[in-house]
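Structure record follows, encoded as structure tokens.
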Amino acid sequence: MFGIALAIVLCLSLSVQANFPDDPKPCKYGDGECIMQLVNTLFSEKFSAEDPGLNLVQLDPLKVDRMVISQGVSDSPVGITLTLTDNLLYGIKDQRIVKVKGFGKDMATKHELKIVAKHFALVGPYSIQGKVLILPISGTGQSNLTMDNVKIIISFSGNPVEKNGETFLDVTNLKMTMKPESSHYHFSNLFNGDKALGDNMNVFLNENSEAIYKETGPAIDKSFSELYLGIVKAVFAKVPYAKLFAEE
Ligand SMILES: *[C@@H]1O[C@H](CO)[C@@H](O)[C@H](O)[C@H]1NC(C)=O
């Protein structure tokens, strides 16, 4: 009997939590702890499905229509243009915010999120051209680019915009930096499918992944910043700022 009652209470509290997107309990302006929990809830498993309430596209895996990672040849030992089309990014649902700054009453002040992601994998069709540490690289096929234990800092500012009598935060100037503990690459069908060359190149890339990430990191950050700008902008365009944050 007690077991059943407990189960019902658990179900109820779960369904109440699941309603959160329609009816979020606001945090106090600038209350980092509360905001951290609120946003972590957003990113947790129950929102990995498409969520019209918060204007979130399906987050995990997230469709990445096109991402170009372009690193100039001139001043770097790595000069590549890597184009990813119709890729899927896995891992957003397992990212956790560990620190929050900003989100005060003045929307124009800088907002900052520190996030830890266990694992990101970007998987799908690629095409690459260029050179990596002197070796030429070229190919078109399927790739899997992964990063483990990624420390992320996202900062942005914003402007208040009025819509239907309510005030929304319009997110601007979003910058994201990522520091993965390690990264791994796999490109199928390199060099027109020359298996020996391709296998060697994949081994070479992974043996030198740290040096390669050091060179390509800023270009990757830039591409991810654009991706995250879309996500963060959509959330704040859907939910009035006063519904997320309040005086009390
Ligand atoms: C991508 O590679 C990682 C290992 O680096 C692996 O864990 C993951 O399953 C791969 N994903 C796909 C879809 O192949």
Side-chain angles (χ1 to χ4, degrees), residues 43 48 50 57-95 115-154 174-231:
F43 282 119
S48 57
E50 210 154 314
V57 291
Q58 183 179 317
L59 277 184
D60 205 337
L62 178 71
K63 286 200 192 97
V64 180
D65 296 337
R66 188 177 154 84
M67 183 182 276
V68 180
I69 295 164
S70 182
Q71 164 72 48
V73 197
S74 53
D75 50 355
S76 160
V78 180
I80 51 160
T81 301
L82 170 62
T83 307
L84 306 172
T85 42
D86 299 323
N87 271 226
L88 292 174
L89 175 65
Y90 296 89
I92 288 187
K93 72 176 157 62
D94 295 321
Q95 67 183 17
I115 299 176
V116 174
K118 268 185 251 163
H119 189 76
F120 275 144
L122 195 49
V123 181
Y126 81 92
S127 106
I128 194 169
Q129 204 92 51
K131 70 169 175 80
V132 179
L133 311 175
I134 310 173
L135 298 182
I137 183 169
S138 67
T140 303
Q142 299 285 322
S143 58
N144 178 348
L145 316 175
T146 64
M147 292 182 260
D148 293 320
N149 298 322
V150 194
K151 288 187 180 152
I152 303 165
I153 298 177
I154 297 179
L174 185 139
K175 286 198 182 64
M176 171 166 179
T177 57
M178 297 193 285
K179 281 205 168 57
E181 196 175 86
S182 62
S183 54
H184 311 274
Y185 312 100
H186 182 79
F187 295 95
S188 74
N189 202 50
L190 280 169
F191 307 110
N192 274 326
D194 184 319
K195 189 164 164 15
L197 274 181
D199 287 352
N200 281 340
M201 179 52 91
N202 276 303
V203 169
F204 177 78
L205 292 175
N206 286 292
E207 279 174 351
N208 293 284
S209 61
E210 208 172 314
I212 293 168
Y213 196 87
K214 222 171 135 191
E215 296 299 326
T216 50
I220 296 173
D221 287 347
K222 194 161 168 277
S223 299
F224 269 77
S225 297
E226 282 165 30
L227 194 66
Y228 270 69
L229 175 64
I231 298 172

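Residue numbers run from 1 in the order of the sequence given.
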Notebook entry, point to check: Does Ser188 use its side chain to pair, donor to acceptor, with the backbone of Gln142 at less than 3.5 Å?
Noted result: yes
Next item on the list: Take Leu133 and Val78 through the side chain to side chain contact (heavy atoms under 4.5 Å, CB included) test and state the conclusion after the steps.
Entry: CA-CA 6 Å; Leu133 311 175; Val78 180; 4.1 Å; yes
Checklist line | CD on Gln71 to CD on Glu215, rounded to 0.5 Å | finding: 6.5 Å
Check: Within the side chain of Asn87, is there an N or O that forms a donor-acceptor pair under 3.5 Å with the backbone of Thr85?
Finding: yes
Checklist line | Nearest heavy-atom neighbours spanning Gly141 and Asn189 | finding: CA-CB, 4.3 Å
Check: Are His119 and Asp94 side-chain neighbours, meaning at least one heavy-atom pair lies under 4.5 Å?
Finding: no
Notebook entry, point to check: Can you name the nearest heavy-atom pair linking Ser76 to Lys131, along with the distance?
Noted result: O-NZ, 3.6 Å
Notebook entry, point to check: To the nearest 0.5 Å, what is the distance between NE2 (His186) and CG (Leu205)?
Noted result: 10.5 Å
Item checked: side chain to side chain contact (heavy atoms under 4.5 Å, CB included) partner of Val64, chosen from Asp86, Leu84, Leu227 -> Leu227
Notebook entry, point to check: Within the side chain of Ser225, is there an N or O that forms a donor-acceptor pair under 3.5 Å with the backbone of Met176?
Noted result: yes
Check: Which atom names give the shortest non-hydrogen contact between Ile69 and Ala219, and what distance separates them?
Finding: CG2-CB, 3.8 Å
Notebook entry, point to check: Rounded to the nearest 0.5 Å, what separation is found between the CD atom of Glu226 and the CG atom of Leu174?
Noted result: 10.5 Å
Item checked: Main-chain N/O of Pro180 paired to Asp148 side chain as donor or acceptor, under 3.5 Å -> no
Next item on the list: Could you tell me whether the side chain of Thr83 reaches within less than 4.5 Å of the side chain of Tyr126, counting heavy atoms only?
Entry: no
Notebook entry, point to check: Taking atom CE of Met178 and atom CD1 of Ile115, what is their separation to the nearest 0.5 Å?
Noted result: 11.0 Å
Margin query: To the nearest 0.5 Å, what is the distance between CD on Glu181 and OH on Tyr213?
Written below: 13.0 Å
Note to self: Give me the atom names and distance for the closest heavy-atom approach of Ser138 to Gln129.
What the structure shows: CB-NE2, 3.7 Å
Checklist line | Sub-4.5 Å side-chain heavy-atom contact between Phe187 and Leu82 | finding: yes
Checklist line | Short side-chain to backbone donor-acceptor contact, Ser127 and Thr140, under 3.5 Å | finding: no
Check: Can you say whether the rings of Phe224 and Phe120 are parallel (under 30°), tilted (30 to 60°) or perpendicular (over 60°)?
Finding: tilted
Checklist line | Student check: side-chain heavy atoms of Met67 and Leu122 closer than 4.5 Å | finding: yes
Note to self: Counting C-beta onward and ignoring hydrogens, is there a side-chain heavy-atom pair between Leu197 and Leu190 closer than 4.5 Å?
What the structure shows: no
Next item on the list: Taking all heavy atoms of Thr177 and all of Asp221, pick out the closest pair and write down the distance.
Entry: CA-OD2, 3.5 Å
Check: In terms of heavy-atom contacts, does CG of Asp199 have more than 12 from other residues, nucleotides or ligands at under 6.0 Å?
Finding: yes
Item checked: Donor-acceptor contact present, side-chain Asn206 to main-chain Tyr185, <3.5 Å -> yes
Note to self: Counting C-beta onward and ignoring hydrogens, is there a side-chain heavy-atom pair between Leu145 and Ile220 closer than 4.5 Å?
What the structure shows: no
Notebook entry, point to check: Atom CG of Asn200 and atom CG of Asn202: how far apart are they, to the nearest 0.5 Å?
Noted result: 9.5 Å
Next item on the list: Identify the heavy atoms of Asn144 and Ala121 that sit nearest to each other, and give their distance.
Entry: OD1-CB, 4.1 Å
